[in-house]
There are 2 protein chains.
Amino acid sequence: METFPEKGRSWQHGASRAHRRPARPERGGAVAATIKDVAASAGVGIATVSRVFSGTGAVSAATRERVLAAARDLHYRPSAVGRSLKTRRTGGLGLAVPDATDPFCADLIGGVLDCARTLGQHVLLDATLGDPAREAEIADRFAEQRVDGVIAVPSGTGDPWEGFPRAGVPLVFAGRVPSCRTWTGRAPAVLADDAAGIRSAVEYLVGLGHRRVGFLGAPAPGTPPDVREDAFRAALTALGVPVEEDLVARARPTRDSAYAAAAGLLQRRSDLTAVLASGHLPGEAAVLVARELDLRVPADLSIAMVDDVAWAELCDPPLTAVSRPARDLGYRACELAARGGVRRGPSGPVLLPTELVVRGSCGPAPSRRARH
Amino acid sequence: METFPEKGRSWQHGASRAHRRPARPERGGAVAATIKDVAASAGVGIATVSRVFSGTGAVSAATRERVLAAARDLHYRPSAVGRSLKTRRTGGLGLAVPDATDPFCADLIGGVLDCARTLGQHVLLDATLGDPAREAEIADRFAEQRVDGVIAVPSGTGDPWEGFPRAGVPLVFAGRVPSCRTWTGRAPAVLADDAAGIRSAVEYLVGLGHRRVGFLGAPAPGTPPDVREDAFRAALTALGVPVEEDLVARARPTRDSAYAAAAGLLQRRSDLTAVLASGHLPGEAAVLVARELDLRVPADLSIAMVDDVAWAELCDPPLTAVSRPARDLGYRACELAARGGVRRGPSGPVLLPTELVVRGSCGPAPSRRARH
DNA sequence: GTGAAAGCGCTAACAT
DNA sequence: ATGTTAGCGCTTTCAC
């Protein structure tokens, strides 16, 4: 942490400034005071001013005061731009998420912001919206801005992020790894233990007596068969429950698509006694469709989902959910990205545990006959 | 939009570089190629390279190609740091919200990101967490980073943001205005028409026959009596319904506080036939407390709230809500902040309309006797 | 059409 | 303890 005079007060253009101001910022208006202005006004060299503000080197208490006073007077704030050029560090971290509006992403962002703050870094945020082109543009921008580290929740192959490790900029994937396996071990990742989460839900459901469990997946576009889907099959198989192919429905990550998939699944397989939704969007869809179809939850249909969003508890009945530590994911990823923990080579992804939050939406499996 | 070679590819340190590299970025590793490297490698002057990348001036097709090739070779990305120092524009916008995790803020952020993208700006995001000190630090950081514009969802007095307009940096408040009226007309604001929103809800409720309507407020800490609370009283009065003081409950903007307030209100006034929650937190609390108290919604108690969050529709019954155009708020605020529309003087805040989304949580007022 | 040179605001040697 | 100086990577006159 650096020491600034008058935390919270902001700079402004100087009052008495002698030297010329050729190129104004285009949209006329005041111009920020520079280190030179302060030096002149305080009657010292610019190096001294720099020392005062950067905390480096020794300055006599008297001079320091004079400088501080002058700075206050001129509303001086050291320019990060100038400093960054010299020090080759911007103090900024790039954060790219699919959608800042999504509760999972929002929590993750919260974690990053938290951590960045303790580290004295700021955060450039942008949303990929699941569009590879947009993701590439964002990576580009981060590069251009010379961020000190990057945290990405990748949508696609992860290719756009390739340049960072090469250039010595720490790159950390969070929440998911790029589909392309170029990345295996190349960049560190902080992930929720999705497979374990799915497993816990499946075990819970099967333990309740369910044998016909549906899966509502919503992989990002272009992603190969989701980890969760695989985990779902594996968990079922491990428990000796045969996996039928049409128990699995896939959707794009939008409300409409999820709804369509849920409706399709539940109508196609009216013998289902439980559904596991792979995210809050399909979870929401399952609830809505069940309501539409007049299925009582959990009497007729048990519902569980991944992501313990706020409404899970407000639903009636409250929804059983696999909670992913989104905030921690962000926090840890930020630590790694800022500290450059990357250097320690391909140490494999950091896996954070999930937790099954049992509420009222799952019950014992009803008789094996079709529902309606 | 500038033209760059190979959108999406990123820069890297050059292969054949002659000149010295004294100060490496501390954490060893590759260093990005500079304009000089490209110039040397392409056998041209740096000005030419600059022209190629900034689109300024004329460059012959042949030279342009050579430059582009060299740049590609060296994984060159122009440095925004160098450019910003020269041009005095960083291309960055500062965005401060109380909490990135809150659905309203998240939507607002989404809007800002959207708009910023179309404007070719990037966004520095930070969360104030309702803490004035933190808010001041963030303002400080934005100033230091020399953002081109600021969008703030203020928590307190708005004092920390004072420096920006003074320094000629466009400042736009979004969602709410600072409590201190220093700001009246000083900085533009983009607001939802909260008063109208509350009014529409109150009119709806009273129209349903409700006469004992409670209000669950959750003003930010340190904020004077909320606009919404005032609007609530006014609306009731306008309809000829007497306003009793203890119909209004206030809470801090946390789950727990909201819950406590809701429980207090509903227990204290068991004759209430309807509640209007001033936000999704108190709304959530109302739903939970009603459930806890075994009140049927809407038979025993009608519930409406401000902010049409995702779960409003998933609730049983689905919740009637006043929807605020959070995303548009962000979008518009960003436009103003980036375009510097500020210059047009104190034109008063931009007011965006709210919408009453009627769902199933409000019904005709039950008999006037106390509930239980 | 292209190059040389002068800074933008700052830090870091190096002098004093 | 403090001043001088040389750049950091870029844009921008100003010559040619």
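Each chain gets a letter, A, B and so on, in the order the sequences are listed, and its residues count up from 1. All figures in this text were calculated on a predicted structure; none of them were measured in a lab.
- Between dG1(C), dT11(C), dG3(D), one nucleotide has an atom nearer to the side chain of Val44(A) than all others, and that is dG3(D).
- Per the geometry, CG belonging to Asp37(A) stands 13 Å off C1' belonging to dC8(C), to the nearest Å.
- Inter-residue side-chain proximity for Val190(B) and Tyr331(B) is flagged as unmet; no heavy-atom pair is nearer than 4.5 Å.
- Separating the CZ atom of Arg66(A) from the C1' atom of dT2(D) is a distance of 11 Å, rounded to the nearest angstrom.
- With ring centers used as reference points, Phe164(A) lies 6.0 Å or more from Phe142(A).
- Listed by chain and number, the residues in a side-chain contact (heavy atoms from CB on, under 4.5 Å) with Val177(A) are Ala189(A), Leu191(A) (sequence neighbours excluded).
- Taking the salt bridge (charged side-chain N to carboxylate O under 4.0 Å, His left out) definition, one finds that Arg134(A) meets it with Asp126(A), sequence neighbours left out.
- Of the candidates dA1(D), dG1(C), dT11(D), dG1(C) carries the atom nearest the Ser60(B) side chain, counting heavy atoms from C-beta on.
- For the pair Lys36(B) NZ and dT11(D) C1', the computed distance is 14 Å after rounding to whole Å.
- The side-chain contact (heavy atoms from CB on, under 4.5 Å) search around Ala70(B) returns Val38(B), Ser41(B), Ala42(B), not counting sequence neighbours.
- Residue contacts shown for Val59(A) are limited to sugar-phosphate atoms, with no base heavy atom under 4.0 Å away.
- Side-chain N/O atoms of Ser50(B) include none lying less than 4.0 angstrom from OP1 or OP2 on dC10(D).
- A side chain to side chain contact (heavy atoms under 4.5 Å, CB included) with Ile109(A) holds for exactly one of Val153(A), Val123(A), Val97(A); it is Val97(A).
- By the side chain to side chain donor-acceptor pair (under 3.5 Å) test, Arg66(B) is found to be paired with no residue, residues two or more places apart in sequence or in another chain being considered.
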Please list each protein N or O that sits under 3.5 Å from an N or O in nucleotides 13-15 of chain C, with the distance.
none

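- Here the P atom of nucleotide dG7(C) and the CZ atom of Arg88(B) are 14 Å apart, to the nearest Å.
- Within the 4.0 angstrom heavy-atom criterion, no nucleotide atom of any strand lies near Ser84(A).
- Shown here are the salt bridge (charged side-chain N to carboxylate O under 4.0 Å, His left out) partners of Asp114(B), two or more places apart in sequence or in another chain: Arg327(B).
- The separation between Arg64(B) atom CZ and dG3(C) atom C1' is 17 Å, rounded to whole Å.
- As rounded to whole Å, 12 Å separates atom P of dC10(D) from atom CD of Gln145(A).
- Distance Arg89(A) CZ to dC10(C) C1': 16 Å, rounded to the nearest Å.
- Taking the side chain of Arg146(A) as heavy atoms from C-beta on, and the options dC10(D), dG1(C), dA12(C), the nearest nucleotide is dC10(D).
- For Leu85(A) and dA6(D), the CG to C1' distance is 13 Å, given to the nearest whole Å.
- Side-chain N/O atoms of Thr56(B) include none lying less than 4.0 angstrom from OP1 or OP2 on dT11(D).
- Under 4.0 angstrom from either OP1 or OP2 of dG9(C) there lies no side-chain N or O belonging to Arg83(A).
- At dG3(C), one or more side-chain N or O atoms of Thr48(B) fall inside 4.0 Å of OP1 or OP2 (strictly under the cut-off).
- Within the nucleic acid shown, Gly45(A) comes within 4.0 Å of sugar-phosphate atoms alone, with no base atom in reach, counting heavy atoms only.
- Partners of Thr128(B) under the side chain to side chain donor-acceptor pair (under 3.5 Å) rule, at least two apart in sequence or in another chain, are Ser155(B).
- Helix-axis bend for the helix from dG1(C)-dC16(D) to dT16(C)-dA1(D): the local axis fitted to the five terminal pairs at one end deviates from that at the other end by 40°, rounded to 10°.
- Ranking dA6(C), dG9(C), dG3(D) by closeness to the Lys86(A) side chain, first place goes to dG9(C).
- Legend: residues meeting side-chain contact (heavy atoms from CB on, under 4.5 Å) with Leu85(A), ordered by chain and number and at least two apart, are Val81(B), Leu85(B).
- Here dT11(D) is the nucleotide among dT11(D), dG9(C), dG9(D) with the atom lying nearest to any side-chain atom of Ser54(B).
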